[in-house]
Undergrad: 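Take this structure, written in structure tokens, and hold onto it; I'll ask about it next.
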Amino acid sequence: MPIDFANELNPSQLEAVMHQGSPALVIAGAGSGKTRTIVYRLARLVQDGVPPENILLLTFTRKAAQEMLLRAGSILGRNLSGTSGGTFHSFAYGVLRRNGRTLGFETGFTLMDRADSENVVKEVKDNLKLGKGDRSYPKKNTLLDMITKSRNKERSIDAIVESEAYHLSAYAEDFQSIAGEYTRFKQSHALMDYDDLLFRFEELLRSDPSLLEELRARYQHIMVDEYQDTNKVQARLVRLLSGESGDVVAVGDDAQSIYAFRGADVANILDFPKIFKDAKLIRLERNYRSTQAILNLTNHILAGAHTKFDKTLVSDRDTGRLPRIVHPLSDQTQAKQVVEEVIKLAKKYPLHDIAVLFRAGYQSYPLEVALSRVGIRYQKYGGLRFHEAAHIKDVLAYLRLTHNPADMVAWRRVFAPIKGIGPKTADRIAKARLTADGKYIAKAMKRFPALRELFDHLDGLRNCSRPGQALERINMFYQPILAELYPDDYPKRQTGLDQLSQIATNYTSIDDFLADLTLDGDQEEEKRKEHALVLSTVHSSKGLEWSAVLIIDLVEDRFPSKRALARPEDMDEERRLLYVACTRAKDSLTMFVPATIFNRFNAVSEPATPSPFIAELPGDCAEMWRETYASGLRQETQHAGTHASGVNGNALPAEPSDTLSPGPATGTPKLGICRHKIFGQGKIIAQIPPNKYRVNFPGFGLKVIVADYLELL
DNA sequence: GTGTAATGCCTTTTT
DNA sequence: GGCATTACAC
């Protein structure tokens with residue numbers, strides 16, 4: 001039975017769904033039925049006779065792709081499994097694996113996750129003898145950050161250091177050489193990191209025209225979701241695959257761009273019509289998700305942006321209840337109040353339809369304790385992942401070695417539990433293994449009997465072709481090691497390993513299994529728990545929606561995160577992040593602004609300033625509640641922020657030239673460098689009316705300083 | 001070279 | 001609560 005598209009969709013959605021044969025850009029506001037549009041277009045293509053295998057659907061997470069294909073399939077009443085769908089990274093991985101030889105990986109390659117990459121960077125740094133004895137030398141995390149930022153943004157390391165970490169400029173040269181060595185290490189050990197997947201994929205397409213032709217012939221219809229969060233390579237990849245006038249539909253929302261930190265470039269959306277010939281522009285502006293009361297607030301948040309968005313969402317729904325801004329006395333009592341609020345909400349909505357959102361993973365810890373205490377089940381998105389746990393990585397190391405004997409990262413791991421073998425000896429043995437230096441190996445096995453067992457074990461594994469079977473054997477071998485390594489909680493870790501074995505049985509290829517774990521984090525997450533409250537970072541909440549949303553820790557330094565504010569533009573990204581958070585809510589939105597924050601650095605509760613995004617909101621768009629010392633909540637009768645007077649929803653200073661120009665503000669030239677008597681030279685991040693500046697001082701961090709004390713340079 | 005204990009430092013977001 | 005470094009004993 002044919003689908004009645006005109007009846008199921010609004011005119012703009014219909015236009016997007018019916019579009020075919022040339023490039024199109026769909027600007028889809030939050031909650032405007034973006035997913036629905038993609039799903040229906042998939043269904044429409046297939047209904048019109050397009051074979052599913054000619055469609056490529058690129059999304060931000062693999063879960064999103066799977067869900068869309070599933071929905072399209074159920075509308076059509078047929079299976080769309082032939083469709084290629086996934087993230088840029090997973091798609092690239094698949095092609096690279098089939099064509100690795102072209103790039104010089106004769107026997108394939110191993111994909112590294114973040115932790116692996118960091119370890120390699122650290123090793124490279126040590127080998128170069130950099131930073132010896134320097135306590136304040138940048139950590140491996142920072143080192144890798146600089147390297148991947150430089151790659152993703154396609155700017156030199158020097159440029160990155162200068163614009164967003166200039167307090168590290170003394171190390172810029174080191175970064176350069178570490179980056180060079182890192183690249184060589186990866187190549188010589190058949191390793192790839194996330195960035196390599198994209199860049200080497202591009203390299204492959206450019207160096208192998210016949211492969212490119214083949215892919216183009218196959219993927220005649222391409223759809224890209226979350227286009228605002230693509231970076232430069234990704235945009236080039238789309239263009240390579242589709243051609244300038246191919247059938248490519250990009251969907252995105254410039255107001256929801258929240259991945260600039262990893263090189264996402266809003267310019268991709270803005271330039272789409274320039275790059276793709278005769279691109280059609282379609283706008284989806286009607287919001288089907290949130291109540292008007294919620295949208296009023298989110299529109300205010302967006303209005304304060306320095307980069308202007310010509311976007312005012314209008315709801316298709318009732319006015320609804322006003323959002324609430326709650327001021328607990330501390331972040332400890334905040335947890336208690338969130339729990340109480342959740343209990344109230346749970347009478348109206350199922351638990352999995354309620355979410356608590358926060359800027360960074362660690363911010364939910366106090367809440368997690370409080371939830372456990374009262375016995376509310378929860379599931380957490382973002383933050384630490386299943387496969388990042390040490391014991392999981394240990395077990396996977398054995399598996400990796402069966403396919404890539406050059407994988408030094410894995411060798412280190414499997415040697416570590418053997419007493420007497422430290423990093424040096426480990427390296428030596430691994431090298432001897434590679435160069436077939438039998439003498440050294442024999443000597444080593446004599447000295448460390450456990451080594452023979454290990455090698456026998458690894459040899460045994462190479463006969464297993466199925467990952468499930470291999471993991472069974474590994475678990476047996478690893479069992480005693482686990483108990484010794486983690487005496488406190490090894491039973492709990494054991495269940496994690498059992499889960500891993502379970503997941504592994506779904507795979508027939510070890511390579512695929514390993515890659516999927518690093519590319520997609522949690523398979524475990526698939527079985528999304530029914531009846532469990534959702535805790536999520538805002539980033540991980542992208543694309544999702546809940547009836548009730550609670551946002552915590554809306555105070556200066558946490559949201560906006562002080563770590564994120566290296567450049568003036570970053571403030572706007574934090575703002576968009578809050579916009580994304582608020583627009584997740586369908587019916588109920590509650591925001592928490594604790595008066596004090598516990599600082600684990602000195603174990604003291606410190607006073608906190610409300611987030612500027614909250615302080616600037618006009619009083620009529622939210623109810624204000626305050627925790628009293630009697631530990632109850634009291635609603636404030638007067639209008640919201642007294643400090644918001646005169647701000648009118650726009651905290652940023654009137655900068656005449658910028659307010660007029662649409663599109664991204666060009667570098668905000670008026671916010672420059674300044675000097676302070678005590679803190680020295682610093683970079684001005686924002687102006688705070690009437691007479692203050694927010695300044696980033698290297699070594700001292702962000703400060704809000706009265707203009708009189710600053711010397712502008 | 002390795003293992004252990006003590007110290008000082010910082011804790012964003014994700015493929 | 002983790003990470004990197006240092007000091008010290010084997």
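Sequence lines set the chain letters: A, B, ... in the order given, protein chains first and strands last, and positions in each chain run from 1.
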Undergrad: Looking at A:Asp253 and A:Lys34, does any basic side-chain N land under 4.0 Å from a carboxylate oxygen?
TA: no
Undergrad: Just to verify, what does A:Asp512 make a side-chain contact (heavy atoms from CB on, under 4.5 Å) with, not counting sequence neighbours?
TA: A:Arg97, A:Tyr507, A:Ser509
Undergrad: Test: salt bridge (Lys or Arg N to Asp or Glu O under 4.0 Å). Region: residues 362-371 of chain A. Which pairs qualify, not counting sequence neighbours?
TA: A:Glu368-A:Lys380
Undergrad: Using a strict threshold of under 4.0 Å (side-chain N to carboxylate O), is an ion pair present between A:Asp265 and A:Lys153?
TA: no
Undergrad: Calculate the interatomic distance between A:Lys129 atom NZ and C:dA4 atom C1'; express it in whole Å.
TA: 17 Å
Undergrad: Need one value for A:Lys542: base, sugar-phosphate or nothing, where a base atom within 4.0 Å counts as base even if backbone is also close, heavy atoms only.
TA: nothing
Undergrad: Calculate the interatomic distance between A:Lys63 atom NZ and B:dT15 atom P; express it in whole Å.
TA: 10 Å
Undergrad: Check for me whether the distance between the ring centres of A:Phe261 and A:Tyr259 falls short of 6.0 Å.
TA: yes
Undergrad: Atom CD of A:Glu118 to atom C1' of B:dT14: distance rounded to whole Å?
TA: 13 Å
Undergrad: Rounded to whole angstrom units, what separation is found between the CZ atom of A:Arg558 and the P atom of B:dT13?
TA: 12 Å
Undergrad: Got a second to check how far A:Asp572's CG is from A:Tyr579's OH, nearest 0.5 Å?
TA: 13.5 Å
Undergrad: Rounded to whole angstroms, how far apart are CG on A:Leu143 and P on C:dC3?
TA: 15 Å
Undergrad: Using heavy atoms and a sub-4.0 Å distance, could you list which residues of residues 190-201 of chain A are near DNA chain B? By number, please.
TA: A:Tyr194
Undergrad: How many Å lie between CG on A:Asn152 and P on B:dT13, as a whole number?
TA: 17 Å
Undergrad: Can you run down the ring-ring contact (aromatic ring centres under 6.0 Å, His included) pairs that involve residues 109-137 of chain A, sequence neighbours left out, and say none if there aren't any?
TA: A:Tyr93-A:Phe109, A:Phe105-A:Phe109, A:Tyr137-A:Tyr171
Undergrad: Between the side chains of A:Asn268 and A:Thr230, is a donor N or O closer than 3.5 angstrom to an acceptor N or O?
TA: yes
Undergrad: Does a side-chain N or O from A:Ser90 land closer than 4.0 Å to OP1 or OP2 of B:dT15, or not?
TA: no
Undergrad: Using the salt bridge (charged side-chain N to carboxylate O under 4.0 Å, His left out) criterion, which residues pair with A:Glu154? Sequence neighbours excluded.
TA: A:Arg236
Undergrad: For A:Tyr137, report the nucleic acid contact type (base, sugar-phosphate, nothing); a contact means any heavy atom under 4.0 Å.
TA: nothing
Undergrad: Would you kindly give the CG-to-P distance between A:Leu237 and B:dT15, to the nearest whole Å?
TA: 18 Å
Undergrad: I'd like to compare against my own output: the B/S/- annotation of nucleotides 3-12 of chain B with a strict under-4.0 Å heavy-atom distance to protein.
TA: S----S-BBB
Undergrad: Nearest-Å distance, NZ (A:Lys140) to P (C:dG2)?
TA: 13 Å
